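Report on the following structure.
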Amino acid sequence: MRGAVIVSAAALLTLATFGTVRAETAIGAVFGYPGNVGVSLRFNNMPIGAAWSEDFVHATIDMWMVKKPLGSTNDNLDWYFGPGADLGLPPDNDEEFFLAIRTPLGLHLIATPKIELFGEVAPGIQVLDETDFYIAGAPGIRFVLGN
């Protein structure tokens with residue numbers, strides 16, 4: 001089962017990269033949800049997170065539909081909002097696979113041209129395995145690749 005989980009997570013990340021080769025790309029770490037510490041990727045306005053939590057391998061994928069400067073004087077600090085999904089793959093048979101629809105709301109700070117910081121709150125509704133409301137939150141750091 002563990003091999004299937006790893007292959008599924010790798011396939012999700014690979015599929016998300018198609019069409020984003022020329023996109024602004026960033027890679028870093030997320031602290032908090034979807035696990036204690038995980039990897040965070042961003043391709044333009046599409047962040048992807050993956051982490052191992054106590055019961056699941058989580059993968060999140062979001063799309064920033066709104067990304068605007070916070071205030072009129074600071075171009076380095078933006079707020080964002082958009083739809084997303086949270087996929088939970090259990091490493092054993094004690095838990096069921098789940099899927100949740102989420103709506104992250106967050107802050108995105110360009111600290112330097114190569115370093116960005118972010119923090120978000122993402123309420124959601126679990127739609128597979130059971131129906132349940134949840135709220136997640138996570139800060140993180142990413143390093144912008146390329147130019």
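It should be emphasised that the depicted structure is a prediction, and the values quoted were computed from it without experimental measurement.
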Less than 4.5 Å apart, any side-chain heavy atom of V121 and any of I135?
yes
Among pairs that include at least one residue of residues 97-113, which meet salt bridge (Lys or Arg N to Asp or Glu O under 4.0 Å), considering only residues two or more places apart or in two chains?
D62-R102, R102-E120
Is the shortest side-chain heavy-atom distance between M65 and F81 below 4.5 Å?
no
Close side-chain approach of F98 to H58, heavy-atom, < 4.5 Å
yes
What are the two closest heavy atoms between L145 and K114, and how far apart are they?
C-NZ, 4.2 Å
Hey, could you give me the CG/CG distance between L99 and L87, rounded to the nearest 0.5 Å?
6.5 Å
Rounded to the nearest 0.5 Å, what separation is found between the CD1 atom of I115 and the CZ atom of R142?
13.0 Å
Is there a chain of hydrophobic side chains (I, L, V, M, F, W, Y, each step under 4.5 Å between heavy atoms) that links L107 to I110?
no
All heavy atoms of V30 vs all of A138, minimum pair found to be CG2-CB, 3.5 Å
Heavy-atom closest contact (P104 atom, P83 atom, distance)
CD-C, 4.3 Å
From CA spacing to verdict: side-chain contact (heavy atoms from CB on, under 4.5 Å), Q126, D86
CA-CA 8 Å; Q126 186 175 337; D86 179 3; over 6 Å; no
Side chains of Y80 and P47, heavy atoms from C-beta outward: is any pair under 4.5 Å?
no
To check you understand the geometry: which heavy-atom pair defines the closest contact between A51 and G38, and what is its length?
CB-CA, 3.7 Å
Pairwise distance CG(N76) to CG(L70) - rounded to 0.5 angstrom
12.0 Å
Do L89 and F97 have side chains that approach each other closer than 4.5 Å (heavy atoms only, starting at C-beta)?
yes
Any side-chain heavy atom of H108 sitting closer than 4.5 Å to one from W64?
yes
So which atom in D78 and which in D75 form the shortest heavy-atom distance, rounded to 0.1 Å?
OD1-O, 4.1 Å
Which value, rounded to the nearest 0.5 Å, describes the distance between L41 atom CG and I48 atom CD1?
6.0 Å
What closest approach, in Å, do I141 and F118 show between heavy atoms, and which atom pair accounts for it?
N-CE2, 3.7 Å
